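Since we're looking at a predicted model, the values are computed, not measured. Throughout, numbering of the chain's residues begins at 1 and tracks the sequence. As the structure lists them, so they are numbered: ligands from 1, and atoms in each ligand from 1.
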Amino acid sequence: MTDQKTIVIGVTGCIGAYKACELVRCLQKRGHRVKVVMTEHATKFVDPVTFRALTHEKVAIDLFDDPIDPIHHISLGQEADVFVVAPCTANMLAKMAHGMADDLLSTTALATTAPILVAPAMNVHMYENPITQDNIASLKARGVHFVEPGDGYLACGDVGKGRLADPEDIADAVEALLFAQRDMEGKKVLITAGPTVEPIDPVRYISNHSSGKMGYAIAEAAAKRGAEVTLVSGPVQVPAPAGVEVVNILTACDMLSAVDERFDTCDVAIFSAAVADKRPAAPADHKLKKGVDDAALDAIQLVTNPDILATMGAKKDGQLVIGFAAETNDVVANGHKKLVSKNADMIVANQVGGGKAFGTDDNEAWFLTAEGDAQLPAMPKTELADKIIDFVAEHL
Ligand code: CTP
């Protein structure tokens, strides 16, 4: 088979190592070639002969044990279409998160340019330890993929999260990486997200409840499908998606400048930010104190912020422009008004208020275009983000 993929599995020393044998079989049944790298500790749980027999390939353990290929850690990493670490101990996670390379497996993980998939397995307290969680977050931020461990009765007698995921689920995750859609390759996507913050004085401001989750989910979906993504974002608590350039701003005027600088060269611009409509006309340069500055506080003058979507809609030249409409009533009619007034190619309209949309994970939306409307069922923001990128990919 010419398009056969090579999966390199790194096996570390924990009781779940025996399940890596099943993972090898799952991947082979799906037509893939599998090679195994083990740590020394892993060999205490499963004899390398077992993996040798299953894979018909030499099992790599030592950095220096291959006389034919003295830079085995590089060649193994290059051969991999996906590099999987399953099971991955807390120790290996820590080494990978900090770029340590003191054995063949950790060195291969550092050297490979293939997508990396990690399936952690350990005691529940080790898994929940903030140090381990920080290491996982840091690896995720660098684009490492994870299959979460399962909940249940652990080998040590504790009950909780830490069991190696089911081998079939790990194999599914491997294939999701192998066959990921790359239909946004070579496209530049510009996204606004989060709230803007408009200063009244050095300590007070006008802002809103936008969580940024929608914009960040769109950025992640586009990047996963190969796009070059820039996210112009107000302050949010959501971590930046891997591989996405984030431009942090505070005010609507700063957001406009950051977008304007990048708009001409983008293919798609998606405006999901909740831009404050008004800003204080003249922010004070010192803290306005009650009793002293009451007159100034009582008379804060507001001016209208630029409409970033409308400004870009007016000057678009081949870019696909998508806006959002957050409405408490007449969602479709109000969304259509924005489609026209802001010269957008599509408006994603959703109902807000009563706990809907702001800060939640689920979104119910309409896709409104001049050609027609589509109502989507309620779905997580991550799925809606993929649907938006489906629309983009079809219309570019
Ligand atoms: N938008 C923008 N700049 C603004 C205001 C809004 O880019 N100053 C964008 C938003 O990112 C969104 C769309 O315009 O994509 C609609 O935003 P929304 O707040 O729903 O509408 P408004 O234009 O503020 O209108 P209204 O307050 O009447 O709902």
Side-chain angles (χ1 to χ4, degrees), residues 189-199 205-219 222 229-236 238 247 249-263 266 268-281 302-316 319-354 356-360 363-370 373 381 384-385 387-389 391-392:
V189 180
L190 181 60
I191 300 168
T192 69
T196 64
V197 172
E198 312 294 339
Y205 56 81
I206 297 173
S207 191
N208 59 64
H209 289 305
S210 169
S211 67
K213 283 181 181 171
M214 191 68 244
Y216 277 61
I218 298 168
V229 183
T230 303
L231 192 51
V232 179
S233 173
V236 294
V238 198
V247 180
I249 54 84
L250 288 175
T251 66
C253 292
D254 290 346
M255 183 174 268
L256 176 65
S257 320
V259 168
D260 200 31
E261 260 175 50
R262 295 161 176 85
F263 184 73
C266 79
V268 190
I270 304 175
F271 298 85
S272 74
V275 183
D277 288 325
K278 303 273 181 184
R279 69 176 186 278
L302 298 178
V303 287
T304 302
N305 266 329
D307 189 312
I308 304 164
L309 165 57
T311 311
M312 298 305 128
K315 68 175 229 176
K316 73 179 179 195
Q319 294 91 342
L320 192 67
V321 169
I322 297 180
F324 277 74
E327 307 291 342
T328 52
N329 51 286
D330 301 323
V331 180
V332 172
N334 284 330
H336 268 286
K337 281 185 198 153
K338 285 178 187 168
L339 183 71
V340 176
S341 66
K342 303 194 187 212
N343 199 26
D345 298 294
M346 201 243 292
I347 289 285
V348 181
N350 48 42
Q351 180 123 26
V352 290
K356 284 191 175 162
F358 274 133
T360 60
N363 239 8
E364 195 174 324
W366 283 259
F367 282 1
L368 310 177
T369 68
D373 305 337
K381 285 182 178 173
L384 180 59
K387 298 266 181 250
I388 293 170
I389 300 301
F391 175 91
V392 168

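Inclusion of I308 in the set of residues having an N or O under 3.5 Å from an N or O of ligand 1 is warranted. Considering both main-chain and side-chain atoms, K342 comes within under 3.5 Å of ligand 1 through a nitrogen or oxygen pair.
In summary, the atoms of ligand 1 found under 4.0 Å from a heavy atom of A326, numbered by their order in the structure, are 20 (O). Shown in contact with G323 at under 4.0 Å from a heavy atom are these atoms of ligand 1, numbered in order with element: 15 (O). Shown in contact with A273 at under 4.0 Å from a heavy atom are these atoms of ligand 1, numbered in order with element: 10 (C), 11 (O).
V268 is not listed as a side-chain neighbour of F391, based on a closest heavy-atom distance of 4.5 Å or more. For the pair V259 and F271, the minimum side-chain heavy-atom distance is below 4.5 Å. Considering only heavy atoms from C-beta on, R262 comes within 4.5 Å of V247 through its side chain.
The two residues V238 and S211 make their nearest non-hydrogen contact at CG2-O, 3.2 Å. Closest heavy-atom contact between P280 and E198: CD-CB, 3.8 Å.
Looking at D307, V321, I270, it is D307 that brings a heavy atom closest to atom 2 (C) of ligand 1. For atom 7 (O) of ligand 1, the nearest non-hydrogen atom from the set L309, T304, V259 belongs to L309.
Of the protein's non-hydrogen atoms, the one nearest atom 8 (N) of ligand 1 is P306 O, 2.9 Å. Among all protein heavy atoms, the one lying closest to atom 4 (C) of ligand 1 is V275 CB, 3.5 Å. Counting protein heavy atoms only, atom 12 (C) of ligand 1 is closest to F324 O, 3.1 Å. Looking only at protein heavy atoms, the nearest one to atom 19 (O) of ligand 1 is K338 NZ, 4.7 Å. Ranking protein heavy atoms by distance to atom 15 (O) of ligand 1, first place goes to F271 O, 2.6 Å.
With a heavy-atom cut-off of 4.0 Å, D277 touches ligand 1 through its side chain alone.
Proximity of a side-chain donor or acceptor of T192 to a complementary backbone N or O of A273 within less than 3.5 Å is detected. In this structure, the side chain of Q351 does not engage the main chain of V331 through any donor-acceptor pair within 3.5 Å. With hydrogens and angles ignored, the 3.5 Å screen pairs a side-chain donor or acceptor of N208 with a backbone N or O of A274.
For K337 and E327, the salt-bridge test fails: no basic side-chain N is under 4.0 Å from an acidic carboxylate O.
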